[in-house]
Amino acid sequence: MNVIKVKETHTAPKTGNNQPIICTNNLNLWYGENKTLNEINMTIYENEVTAIIGPSGCGKSTFIKVLNRMVEIAPNVKITGEVLFRDRNVFDHSVEKLRTYIGMVFQKPNPFPKSIFDNVAYGPRIHGVRNKKILAEIVEKSMRRAALWDEVKDRLHTK
């Protein structure tokens, strides 16, 4: 098994006064007895593009899941070290609030085990939208903007 070891490099000089937005200090992660992340020290700056590259299975997705706390849903996870978002430990943020700032896009679709409607309406709901008519409008508008409405409109409420 490969263990991810990130070496921070910058190929271009810093532009402007970009502040660190995410910092990891001596980050380690185990799934049970298997160490997956090893002593990661990395700074990600605001308004800059950061790429995490490596071979399949080396821990890239695991690292990103730590940043927005998605890794917590896996059993037997142990994390040591520090992960800061805007100088505050990510584990001190509520998960919902943290994920409004640190999202994750999966290579393959990974919806919740709910209907299409409920998956699309999940974000607005956790932000307090309860009105069914408004939720329906948000879902339709979102599906139209993604050019999916015609494909899914007849099965919005099926799992």
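These numbers were taken from a predicted model, which means no experiment stands behind them.
Taking Ile, Leu, Val, Met, Phe, Trp and Tyr as members and joining any whose side-chain heavy atoms lie under 4.5 Å apart, directly or through other members, Val49 forms no hydrophobic cluster with any other residue.
Under a 3.5 Å cut-off, the side chain of Thr24 and the backbone N or O of Met42 do form a donor-acceptor pair. In this structure, Asn41 contributes its side chain and Asn26 its backbone to a donor-acceptor pair below 3.5 Å.
The distance from atom CD1 of Ile134 to atom NZ of Lys132, rounded to the nearest 0.5 Å, is 13.5 Å. Atom CG in Leu29 sits 5.0 Å away from atom CG in Leu37 (nearest 0.5 Å). The distance from atom CD1 of Ile52 to atom CD1 of Ile64, rounded to the nearest 0.5 Å, is 4.5 Å. To the nearest 0.5 Å, the span separating OG1 on Thr80 from CH2 on Trp30 amounts to 4.0 Å. Lys159 NZ to Phe117 CZ: the interatomic distance, rounded to the nearest 0.5 Å, is 14.0 Å. Rounded to the nearest 0.5 angstrom, Asn28 CG and Asn38 CG are separated by 5.5 Å.
Crowding of Glu33 atom CD: a count of heavy atoms from other residues, nucleotides or ligands under 6.0 Å not exceeding 12. Within a 6.0 Å sphere centred on CG of Asn89, heavy atoms belonging to other residues, nucleotides or ligands number more than 12.
Minimum heavy-atom separation, Val77 to Val71: CG2-O, 3.7 Å. Here the closest heavy-atom approach between residue Gly59 and residue Thr36 is recorded as CA-CG2, 4.2 Å.
A single hydrophobic cluster is seen to contain both Tyr31 and Phe91, as judged by linkage of ILVMFWY side chains at heavy-atom distances under 4.5 Å, directly or through other members. In the hydrophobic clustering of this structure, Phe63 groups with Ile21; members are Ile, Leu, Val, Met, Phe, Trp, Tyr whose side-chain heavy atoms approach within less than 4.5 Å, directly or through other members. Linking ILVMFWY residues whenever their side-chain heavy atoms come closer than 4.5 Å, directly or via other members, places Ile79 and Ile22 in the same cluster. Linking ILVMFWY side-chain heavy atoms closer than 4.5 Å, directly or via other members, places Val139 and Val129 in a single hydrophobic cluster. Following chains of ILVMFWY side-chain contacts shorter than 4.5 Å, one can reach Ile116 starting from Leu148, so the two form part of one hydrophobic cluster.
Applying the side-chain hydrogen bond (donor to acceptor under 3.5 Å, both in side chains) rule to pairs touching residues 134-156 yields Glu140-Arg144, sequence neighbours excluded. Within the structure, every pair that satisfies the salt bridge (Lys or Arg N to Asp or Glu O under 4.0 Å) test and touches residues 66-84, not counting sequence neighbours, is listed here: Arg69-Glu72.
Considering only heavy atoms from C-beta on, Leu67 stays 4.5 Å or farther from Val90 through its side chain. Between Ile126 and Arg99 the shortest side-chain heavy-atom distance does not fall below 4.5 Å.
For Arg88, there are no salt bridge (charged side-chain N to carboxylate O under 4.0 Å, His left out) partners at least two apart in sequence or on another chain. In this view, Arg86 and Glu46 satisfy the salt bridge (charged side-chain N to carboxylate O under 4.0 Å, His left out) rule, not counting sequence neighbours. In this structure, the ring-ring contact (aromatic ring centres under 6.0 Å, His included) partners of Phe85, at least two apart in sequence or on a different chain, are His93, Tyr101.
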Arg125 and Asp118: CA distance, side-chain angles, deciding distance, salt bridge (Lys or Arg N to Asp or Glu O under 4.0 Å) verdict: CA-CA 9 Å; Arg125 278 188 177 133; Asp118 288 334; 2.9 Å; yes

